[in-house]
Chemist: 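This is the structure, below, for whatever I ask next.
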Amino acid sequence: MTKSTLFLLLLSVIFAGGLSYFQYFFKSKSKSKITKLLAVLRFLSVFGILLLLINPVVSRSTYETIKTPLPIVVDNSSSIVDLKANEVAKEVYYKLASNSDLKNKFDIQSYSFDSEFQSAETFDFKGKQTNIDKVAQNLKSINKNLKFPTVLISDGNQTSGSDYVFSFDADNKVYPLVVGDTTTYLDLKINQINVNKYAFHKNKFPVEVFLQYAGTKSVTANFSISQGNTVLDKQSVSFSPSKKSAVVNVLLPADKSGLQIFNAKITSSESEKNTYNNSKKFAVEVIEQKTEIALISAINHPDLGTLKRSIETNAQRKVTILKPNQITSLGNYNVLVLYQPNGTFKQVFDANKNLKINTWIITGNDTDFGFLNQQQNQLQFKMSSQKEDYLASFNSDFNLFAAENIGFENFPPLENAYGSITPNENISVLLSSRIRNVETNQPLLAFGDNQGKRSAFLIGENIWKWRAQSYVDKKSFEQFDVFIDKTIQFLASNDSKKSLIVNHERFYNSGDAIEITAQYFNKNYEFDDKARLTIAVTNTKTKQVKKYDLLKTTNSYKVNLDGLSAGNYTFTVKELNSNATYSSTFEILDFDIEKQFVNPDMSKLKQLATQTKASVYVPNQVDELIKTLLNNQDYKAIQKDIVKKTPLIDWYWLLILIAIALAAEWFIRKYNGLL
């Protein structure tokens, strides 16, 4: 408290004492106990009121000791059980977590992880995926801006997520405690199978299989791919201590349409500790035919090659680049892409008036807009000879199909003639244009759906720059190619728009995230965010039925079906208000990725320890790990002085004391006839 406050308090004591003396002792001959008690009560009530008026601030200091966090993170995935290390993992965890010296020095934090990261002190080792990368991400967030060590009890075998070696902060030591037998056993493993999800009937499709070997002697293995009881391909593969891997490429026939299940298998005459990873199933959906797309242009332009490559990333699409005068029969194509049409396109437009093939018209600096106005009436062009650069703005209300903003606003501008574009009422705009930062309120990418006849318009050339920018931003062409594929998919279908659209895969691996998404549109073909969607999933073998509600996201409904066992399933999605339904099937393949390992990934964990300037330990070195942590002088507790200031007016008991003093004085005076 300040000197002025102390002075005011002294004056308050003098004033309260003087007032009590004046009222009860000045010119009063009675000095009974009653008078003295009343004087004390008067002093307390007056002094209390003055205290509240002065309202001094009382400071109180406390000391808090902040210890360095010590996260002990345990791998809770099923691979720990498969390596027969679950009891050892529990034992070393409890030895670390219960050590009194560690508790005195560190703030021990207990966590577990599999596909997710959570706080835990008990472990069941039933996780279906291992994501060590999430450990790094969560510890950075929980102990932000702190320097702390981490004990990672794991086999180091990661099945999902980014490379965890470089995910951890290099300034914070990570001490991997490796559980599982580190002895090298002979093991043959199918590490990965690369195959397209779709193939075409009567064609052959490629399969790429990566094989892996662990052992100390040379081995000749037999590799085969079969379907049911029929062996489709068989060959020998040699391994040695210096040749630990092999790649097998096979062409398989697509003789049957529909979903086809295949089994890849590798065996040898040598005995193995783990044979579960010797085989792996994969599935391919064989479809009847490709979507044939004619890309028609009278000029040469980089956009043509870009569109062809992007569209053909989907194996269901085949693009043929043609000149307008090279076409003999438009009937061979499902979609026409008309690039910068001019007068030479007249026979193409004339032929398509009868065929009514869905078209995608792309304009640019070489487009004859007068001719284009004569051939279609969905967009009316009034263009000048001046060129202009148009940037894109994404329309989140677009609902003809599910479209995602892949960063259109950051893409380079498209070049087109300057002018006005007037759409009719049947046009839906996905991208509108802007010139620099000024919105033109005119379409840049628009779609039409008129009685089953579908069309698309891209206003501007140089879309190749969009694909290049997408790669720069995402390090992949995938998002841009998916966007182009959705455009082609919309044009390739002549079906009238359905109110209920459901997206799903035909097959999943056990342990994968099984998500089914749906969109429901009202009678005006607007996304209905008040729809009530349910799904009933039936196991075709056991006939067990499970029902779920689909939860609304931004522009769709979604359900997560994780936890279903391997097998074939049928399902029906139903909108309860309109009774609209969609039925289909999917299959969950029996594949447990956590059973693929026979040893801990010691090399990866050593790399992690080296990256963070720490060391790797095994279970019989727990005492040594504890000693290392205790002797490390980088981790010291910090004592903080916490000063808490409280205004006296917040002391509610002082108000109670004043009230009691005043009430007691009144009752005593009343009782003794002094009022």
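In what follows, residues are counted from 1 in the order of the sequence shown. Model, not experiment: these values are computed from the prediction.
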Chemist: Can Arg467 and Asp481 be counted as an ion pair, charged N to O under 4.0 angstrom?
Modeler: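 Yes, this pair counts.
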
Chemist: Taking all atoms of both residues into account, what is the closest heavy-atom pair of Ile357 and Asn334, and its distance?
Modeler: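 Looks like CG2-O, 3.3 Å.
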
Chemist: Strictly under 6.0 Å, is that where the ring centroids of Phe398 and Phe447 end up?
Modeler: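 Phe398 vs Phe447: aromatic centres under 6.0 Å.
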
Chemist: What do you reckon, are the aromatic ring centroids of Tyr520 and Phe527 less than 6.0 Å apart?
Modeler: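 Between Tyr520 and Phe527, the centre distance exceeds or equals 6.0 Å.
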
Chemist: Under 4.5 Å between any side-chain heavy atoms of Val73 and Phe113, yes or no?
Modeler: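 Yes, side chains in contact.
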
Chemist: Is a side-chain donor or acceptor of Gln519 paired with a backbone partner of Tyr557 at a separation under 3.5 angstrom?
Modeler: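 Absent.
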
Chemist: What distance separates Tyr185 OH from Ser271 OG, expressed to the nearest 0.5 Å?
Modeler: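 Tyr185 OH to Ser271 OG: 11.5 Å, rounded to 0.5 Å.
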
Chemist: Determine whether more than 12 heavy atoms belonging to other residues, nucleotides or ligands lie under 6.0 Å from atom NZ of Lys318.
Modeler: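 It does not: Lys318 NZ has 12 such atoms or fewer within range.
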
Chemist: Tell me if the aromatic rings of Tyr93 and Phe123 count as close, with their centers under 6.0 Å from one another.
Modeler: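 Tyr93 vs Phe123: aromatic centres under 6.0 Å.
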
Chemist: Which heavy-atom pair separates Leu252 from Val250 by the least distance, and what is that distance?
Modeler: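 Closest approach of Leu252 to Val250, heavy atoms only: CD2-CG1, 3.5 Å.
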
Chemist: If you look at every heavy atom in Gln158 and Asn131, which pair is closest and at what distance?
Modeler: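 The answer is OE1-C, 3.6 Å.
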
Chemist: When the ring planes of His504 and Phe571 are compared, do they come out parallel, tilted or perpendicular, using 30° and 60° as the limits?
Modeler: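 Rings of His504 and Phe571: perpendicular, over 60°.
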
Chemist: For the pair Lys474 and Glu478, find out whether any cationic side-chain nitrogen is under 4.0 Å from an anionic carboxylate oxygen.
Modeler: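 Salt bridge absent between Lys474 and Glu478.
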
Chemist: Using the ring centroid of each side chain, check whether Phe394 and Phe411 are separated by less than 6.0 Å.
Modeler: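 No, ring centres 6.0 Å or more apart.
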
Chemist: Assess whether atom NZ of Lys273 is packed by more than 12 heavy atoms of other residues, nucleotides or ligands within 6.0 Å.
Modeler: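 Yes, NZ of Lys273 has more than 12 neighbouring heavy atoms, counting only those of other groups under 6.0 Å.
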
